[in-house]
Engineer: 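Below: one structure in structure tokens.
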Amino acid sequence: MKKHMEDAIILENVRLNPTTCRMILQAPAVAREARPGQFVMVRVDSSFDPFLRRPFSFFRIDRNEGIIELVYRIVGKGTKIMSTKQKGETVNIVGPMGNGFRPPPEDAASVWFVAGGIGMAALVACMEDIRLRRPRSRRVLFYGAKTHSEFIPKIYFSSLCHEVHYSTDDGSAGFCGTVLDCMKSVTGANSLPSYLYACGPPSMLKHTANWVIENKIPAQFCLESVMGCGMGACLGCALPGQVDYGHGKTRFVHVCFEGPVFYPEQIRWEEL
Amino acid sequence: MKKHMEDAIILENVRLNPTTCRMILQAPAVAREARPGQFVMVRVDSSFDPFLRRPFSFFRIDRNEGIIELVYRIVGKGTKIMSTKQKGETVNIVGPMGNGFRPPPEDAASVWFVAGGIGMAALVACMEDIRLRRPRSRRVLFYGAKTHSEFIPKIYFSSLCHEVHYSTDDGSAGFCGTVLDCMKSVTGANSLPSYLYACGPPSMLKHTANWVIENKIPAQFCLESVMGCGMGACLGCALPGQVDYGHGKTRFVHVCFEGPVFYPEQIRWEEL
Amino acid sequence: MKKSVDLSVTVGPIRLQNPVMVASGTFGYGREFADFVPLEKLGAVIVKGISLTPRPGNPPPRIVETTAGLINSIGLENVGVEVFLKEKLPYLQKRSVPVIVNIFGERVEEYRELAEILDNQEGIIALEVNISCPNVSAGGLHFGADPESAAKVIETVKENTSLPVMVKLSPQVTSIALIARAVEEAGADIISCINTIPAMAVDIYTRKPRLGNVVGGLSGPAIKPIALRCVFEVVRAVKIPVVGVGGIATPEDALEFLLVGARAVQVGSVNFTNPRASLEIIEGIARFLSENNFATIEEYIGTLQLSEGDPTIQTVR
Amino acid sequence: MKKSVDLSVTVGPIRLQNPVMVASGTFGYGREFADFVPLEKLGAVIVKGISLTPRPGNPPPRIVETTAGLINSIGLENVGVEVFLKEKLPYLQKRSVPVIVNIFGERVEEYRELAEILDNQEGIIALEVNISCPNVSAGGLHFGADPESAAKVIETVKENTSLPVMVKLSPQVTSIALIARAVEEAGADIISCINTIPAMAVDIYTRKPRLGNVVGGLSGPAIKPIALRCVFEVVRAVKIPVVGVGGIATPEDALEFLLVGARAVQVGSVNFTNPRASLEIIEGIARFLSENNFATIEEYIGTLQLSEGDPTIQTVR
Ligand SMILES: Cc1cc2nc3c(=O)[nH]c(=O)nc-3n(C[C@H](O)[C@H](O)[C@H](O)COP(=O)(O)OP(=O)(O)OC[C@H]3O[C@@H](n4cnc5c(N)ncnc54)[C@H](O)[C@@H]3O)c2cc1C
Ligand SMILES: Cc1cc2nc3c(=O)[nH]c(=O)nc-3n(C[C@H](O)[C@H](O)[C@H](O)COP(=O)(O)OP(=O)(O)OC[C@H]3O[C@@H](n4cnc5c(N)ncnc54)[C@H](O)[C@@H]3O)c2cc1C
Ligand SMILES: Cc1cc2nc3c(=O)[nH]c(=O)nc-3n(C[C@H](O)[C@H](O)[C@H](O)COP(=O)(O)O)c2cc1C
Ligand SMILES: Cc1cc2nc3c(=O)[nH]c(=O)nc-3n(C[C@H](O)[C@H](O)[C@H](O)COP(=O)(O)O)c2cc1C
Ligand code: FES
Ligand code: FES
């Protein structure tokens with residue numbers, strides 16, 4: 001899988017909610033190789049302030065049309081600049097980076113998707129992929145956010161899954177509480193999924209990981225970390241990993257080239 | 001004269017020729033105090049790259065409408081960014097800075113304006129002012145550039161003066177040679193002006209200064225230098241000056257608060 | 001906005017209504033900024049460096065912009081202490097602005113005389129001793145590069161003034177902690193850091209240096225991470241208070257310095273980019289503290305949390 | 001474009017097809033960039049710092065962005081020399097890329113062993129000795145901070161290798177010229193400078209350092225003016241060739257270093273921002289020289305014009 005750098009043309013860049021945008025990019029070279037769970041490194045501006053590229057998961061991939069879509073939350077300098085870009089302008093992207101989600105076993109009857117906030121961006125691509133590859137699986141989405149206004153519109157995912165459970169920390173929509181509490185509440189212990197995919201903030205992933213490990217649910221987690229290069233050169237994206245390192249020491253995993261998708265057993269969650 | 005900082009609204013920002021733009025700004029606070037020869041410090045962008053403001057002379061001032069105009073040549077990072085600004089956006093400006101042109105004596109019969117390249121920007125405001133203040137003076141413009149495409153359109157100045165002499169280094173329009181050679185060629189020694197205003201690149205000013213000093217023509221020169229603050233705080237805009245400094249040492253003049261308009265005797269031209 | 005926050009700080013022997021000063025050389029003699037900043041709202045105004053006799057400064061060009069910063073080689077041009085007292089100080093006295101006078105000399109003797117002359121002048125609340133300028137007698141090194149010379153200067157100044165003495169350190173040393181300890185022992189009341197970092201720019205077309213003086217000092221946002229590390233090191237090395245300076249451009253930047261333990265900050269180059277920056281930083285600090293439920297700035301200063309295993313200061317790649 | 005320019009340079013004992021290398025730690029082991037840069041077009045690839053045994057590196061976060069730069073505290077994570085030779089070097093050998101191996105140790109002994117092991121390996125054209133990492137035995141200072149320790153490391157490496165030895169200097173010293181002279185006398189063949197500058201960032205909300213290691217090293221465009229001044233000083237202090245590194249992001253930047261006398265350059269952090277930067281810099285240098293009528297790069301290197309009265313290196317303000 002070859003990586004490409006290209007000036008992607010912005011076909012659309014609109015708000016999905018007050019803090020979230022969707023950017024549609026004409027990026028044939030990257031689109032050709034892209035897989036759900038992988039990401040692109042976006043250079044938001046030609047100036048050196050900001051200096052580093054910003055990583056964003058594929059939200060949608062259209063190989064045939066050479067189009068990729070990103071959904072991003074405005075959190076700081078870089079995403080703010082991105083949000084001001086107009087249709088017709090270009091942004092320079094590098095990708096695809098990292099390793100995508102692997103499909104669940106053929107016989108996975110029920111697959112759960114657990115999205116926290118903007119973690120939804122990567123999971124939409126994942127759901128779409130699994131709908132195609134495991135059409136007979138029953139796909140259930142648990143979608144949590146701080147508050148109702150953070151959700152992206154249903155239209156982007158309702159056709160991809162059979163069931164959606166919303167939760168909000170402030171109770172402004174759906175279940176009041178964390179997405180994990182929501183999962184626990186809507187299902188008894190006897191209806192655990194055959195497979196689980198999760199993406200969201202660290203604390204949510206941590207609790208979810210403990211839960212899936214406890215319940216022996218096979219799962220994949222999409223993680224974030226600060227990125228220098230996004231391509232394995234700087235070793236900046238390390239997170240505490242369980243992999244053995246020489247004399248019994250645990251070592252670090254590198255989100256950009258060993259992830260961003262990990263099995264929960266690979267991470268030292270307690271140190272995250 | 002109070003200085004102001006304001007977010008000026010861009011009313012227009014268009015090309016006058018391939019490398020020169022004209023920006024019309026709604027800037028009531030600055031316009032109220034502005035005088036020809038003075039300048040504003042423009043913050044081209046909210047990022048810190050570029051870090052410093054850029055100085056630009058007033059090209060036109062409309063006190064009543066609260067409008068100022070700048071004419072700028074695209075030479076580097078800052079002016080390039082300026083040229084991409086759209087109508088309706090704002091740029092933050094500080095001004096007015098420095099000291100303007102002083103009018104010639106009441107009885108100045110003939111006043112010459114010597115513009116080199118983008119130096120024309122400051123002289124247009126000067127000509128307009130002198131047309132009002134010394135309506136009976138005969139105003140002659142010498143306008144030199146490297147090549148014909150660098151001239152701004154005649155419409156901006158033809159009504160302000162009685163005569164225009166163009167010159168280009170490459171002979172592509174008007175007199176072939178420097179603006180000084182042009183002046184010398186079109187006039188005999190017996191038709192020297194009663195007053196002269198000049199603005200342009202250092203080498204042109206230097207030669208013109210030597211000539212006016214030699215011929216005892218009273219004159220004012222608008223100079224440039226690199227600026228840190230534009231308001232007398234950093235002492236970064238120094239140029240070699242003739243003013244006595246303690247024990248017989250010559251010292252520096254500061255373009256932003258002692259200029260940018262100087263009498264030719266104030267400058268050590270040979271060191272410029 | 002919630003209820004108002006007490007921003008006043010004591011910085012060793014001096015008390016300021018808020019921790020925001022403006023840095024020497026970036027705010028002229030104060031008056032230049034009066035159209036933009038109500039001067040009496042500032043913690044203090046540190047004036048352009050003053051020497052015993054007027055200095056013409058370095059040949060132009062004196063300033064060159066760099067990515068997110070600038071290099072200057074003003075060469076300490078100034079009117080000299082006599083003119084300063086006669087023509088510049090009275091304005092600040094009239095406006096009741098706490099003034100800190102930045103002084104420098106080429107010989108220890110000059111520092112001594114400056115200290116004497118500036119003692120007992122109304123409105124001056126402290127001296128800031130710049131020890132990062134060329135020391136002719138020590139062969140091109142500055143006083144600030146060598147602990148002994150630095151101590152010598154400070155001792156001399158202390159002996160000749162009743163004013164609190166703040167010493168301004170250069171970051172261009174192997175160990176700023178070492179110099180800090182030396183000036184503390186010599187009697188300094190306060191340390192300010194950092195001064196600009198020696199730097200250079202050239203023009204690839206003319207093939208000449210872009211500064212008349214070839215080398216100058218780098219300042220601006222580019223150097224903030226270096227300044228913050230220096231302040232962190234010095235805070236841990238000495239007991240006297242530290243004032244942070246270097247690349248501060250926003251309230252957040254100022255708060256970072258306070259967090260690592262600076263008891264006040266100086267706002268420098270950004271005054272050029274935004275002449276109202278110092279005022280906006282004061283307001284922004286107040287807003288931040290209020291929003292985060294601090295009643296006084298003292299509750300925030302120096303509260304950086306280092307975890308158990310955190311290394312002490314070590315220089316990593 | 002006019003006729004082609006000869007970009008080849010000799011850098012002491014080594015000859016390169018062009019003066020553009022990629023800096024250690026910013027280009028992985030080369031392979032990571034193969035999709036973007038035809039590796040064989042580079043002057044040389046300097047691989048990530050290698051130690052005797054594998055190192056896990058520092059706790060995350062390891063990177064934080066700053067204005068026009070970044071701070072890293074990777075902590076010299078690397079696979080160790082054994083795995084490097086077995087798994088990383090062969091790829092570069094196959095691609096016929098001139099390789100420079102960046103080495104570091106915590107004790108002089110480790111440098112000795114590394115030098116021995118790396119001697120006589122195909123494709124390796126030089127060693128770059130990183131002397132800016134913590135030296136446990138000398139109490140937290142690095143070898144690079146002290147002329148004697150620095151010299152000791154270089155002597156040891158020189159005695160144990162037949163390869164040219166390039167020494168990488170830290171800018172965080174009072175006088176980089178002094179260290180440069182020390183390593184020259186100790187037998188260094190080439191000097192590269194600068195390594196990153198110790199720096200820090202904190203989070204005003206969580207009130208914690210933004211790096212797991214608290215302190216890290218600043219790199220990127222922000223530090224270019226400092227790096228350029230260091231190279232200028234070192235070029236004038238020693239006779240051995242100097243390789244410039246620090247904030248180079250464009251062909252113009254690279255030309256500035258060559259102009260002040262660097263015989264080659266290293267492209268570092270900008271590889272993250274623009275993975276094709278090294279290639280674009282090579283092409284840009286060629287274009288500039290051609291447009292300005294230079295037949296060879298040698299005609300340009302070190303031709304900075306200082307006027308009569310120019311001060312020698314002195315630290316101003
Ligand atoms: C593999 C990967 C995929 C991602 N996919 C998406 C996505 O699809 N949509 C989306 O909105 N975001 C995604 N992110 C997060 C996104 O990269 C950051 O939100 C973005 O870089 C912030 O840039 P900024 O300049 O706006 O914020 P900054 O001004 O740089 O920082 C603002 C805040 O965000 C935090 N932050 C900055 N960078 C990161 C980072 N890389 N990871 C976590 N926190 C960070 C900072 O600590 C700070 O608190 C992804 C991150 C990774 C590593
Ligand atoms: C008082 C004054 C009035 C001016 N009025 C005008 C005007 O009306 N119209 C106009 O087009 N220009 C004017 N200038 C010049 C203008 O300020 C510069 O062209 C501009 O700052 C360049 O910015 P940049 O970022 O595009 O170029 P940079 O990328 O900063 O530099 C590009 C090139 O321009 C040179 N340069 C940069 N700043 C200056 C400067 N201040 N003076 C001279 N050369 C510089 C650099 O050395 C470099 O070679 C004036 C300058 C001064 C001092
Ligand atoms: C133009 C200029 C002039 C300066 N003059 C002085 C001075 O006279 N004395 C002094 O101690 N520091 C001087 N400095 C250093 C500043 O006070 C400050 O320490 C430095 O610029 C770093 O802060 P900054 O990044 O916020 O500008 C000067 C800085 C600049 C940019
Ligand atoms: C992420 C990262 C890792 C680095 N690792 C090393 C290293 O292992 N050995 C070394 O000598 N320098 C290392 N450096 C320093 C660079 O080689 C270079 O000297 C420095 O970054 C300055 O150049 P730049 O501004 O172009 O990046 C590293 C720099 C970065 C940013
Ligand atoms: S971001 Fe550079 S190695 Fe992962
Ligand atoms: S530009 Fe600062 S004093 Fe003139």
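In what follows, chains are A, B, ... by sequence order, proteins preceding strands, each numbered from 1.
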Engineer: Evaluate the side-chain contact (heavy atoms from CB on, under 4.5 Å) criterion for residues B:Cys234 and C:Ile63: first the C-alpha distance (whole Å), next the side-chain angles of each, then the deciding distance (0.1 Å), finally the verdict.
Structural biologist: CA-CA 9 Å; B:Cys234 73; C:Ile63 280 197; 3.8 Å; yes

Engineer: Which residue pairs satisfy the salt bridge (Lys or Arg N to Asp or Glu O under 4.0 Å) criterion with at least one member in residues 224-234 of chain B, sequence neighbours excluded?
Structural biologist: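 Pairs touching residues 224-234 of chain B that pass the test: none.
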
Engineer: Working to the nearest 0.5 Å, report the span between OG1 of C:Thr250 and CZ of B:Phe48.
Structural biologist: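 Between C:Thr250 OG1 and B:Phe48 CZ, I get 6.5 Å after rounding to 0.5 Å.
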
Engineer: With a 6.0 Å cut-off (strictly less than), is the heavy-atom count around CD1 of B:Ile9, excluding the residue itself, greater than 12?
Structural biologist: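 At most 12 heavy atoms, drawn from other residues, nucleotides or ligands, come within 6.0 Å of this atom.
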
Engineer: Where do C:Glu32 and B:Met231 come nearest, in terms of heavy atoms and distance?
Structural biologist: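 For C:Glu32 versus B:Met231, the nearest heavy atoms are O-CE, 3.4 Å.
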
Engineer: Can you confirm whether more than 12 heavy atoms, excluding those of B:Lys206, are under 6.0 Å from its NZ atom?
Structural biologist: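 Atom NZ in B:Lys206 is packed in, count exceeds 12.
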
Engineer: For atom CD of C:Glu82, decide whether the heavy atoms of other residues, nucleotides or ligands shown that lie under 6.0 angstrom number more than 12.
Structural biologist: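 Check fails, neighbour count at 12 or below.
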
Engineer: Let me confirm one number: the CG-CG distance from C:Asn72 to B:Leu235, rounded to the nearest 0.5 Å.
Structural biologist: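 One gets 10.0 Å once the value is rounded to the nearest 0.5 Å.
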
Engineer: Among pairs that include at least one residue of residues 83-99 of chain C, which meet salt bridge (Lys or Arg N to Asp or Glu O under 4.0 Å), considering only residues two or more places apart or in two chains?
Structural biologist: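 Qualifying pairs, neighbours excluded: C:Glu40-C:Arg95.
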
Engineer: Looking at C:Gly25, C:Ala34, C:Ala68, which makes the most heavy-atom pairs under 4.5 Å with chain B?
Structural biologist: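 The option with the most such pairs is C:Ala68.
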
Engineer: In terms of heavy-atom proximity below 4.5 Å to chain B, should C:Thr26 be classed as side chain, backbone, both, or neither?
Structural biologist: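 Contact with chain B is through the backbone of C:Thr26 alone.
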
Engineer: Which one of B:Lys77, B:Met227, B:His4, B:Met41 has the most heavy-atom pairs closer than 4.5 Å to chain C?
Structural biologist: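 Going by pairs under 4.5 Å, I would pick B:His4.
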
Engineer: Between C:Gly220, C:Ala249, C:Gly28, C:Pro60, which residue shows the highest count of heavy-atom pairs closer than 4.5 Å to chain B?
Structural biologist: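 Between C:Gly220, C:Ala249, C:Gly28, C:Pro60, the count favours C:Pro60.
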
Engineer: Tell me, for C:Asn271 versus chain B, whether the close heavy atoms (under 4.5 Å) come from the side chain, the backbone, both or neither.
Structural biologist: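 It is neither, since no heavy atom gets under 4.5 Å.
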
Engineer: Measure the spacing between CZ of C:Arg62 and CG of B:Leu239 and express it to the nearest 0.5 Å.
Structural biologist: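 Separation between the atoms: 9.5 Å.
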
Engineer: Tell me whether C:Glu65 contacts the main-chain N or O of B:Leu52 through its side chain, where contact means a donor paired with an acceptor under 3.5 Å.
Structural biologist: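 Checking the backbone N and O of B:Leu52 against the side chain of C:Glu65, a donor-acceptor pair under 3.5 Å is found.
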
Engineer: Identify which part of C:Phe36 has an atom lying under 4.5 Å from any heavy atom of chain B, answering side chain, backbone, both or neither.
Structural biologist: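 Side chain only.
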
Engineer: What's the shortest heavy-atom distance between B:Phe51 and C:Ser269, and which atoms?
Structural biologist: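 It is CE2-CB, 3.7 Å.
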
Engineer: Is C:Phe33 in contact with chain B via its backbone, its side chain, both, or neither, using a 4.5 Å heavy-atom distance?
Structural biologist: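 Both the backbone and the side chain of C:Phe33 come within 4.5 Å of chain B.
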
Engineer: At what distance, to the nearest 0.5 angstrom, does CG of C:Asn274 lie from CZ of B:Arg53?
Structural biologist: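 These two atoms lie 6.5 Å from each other.
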
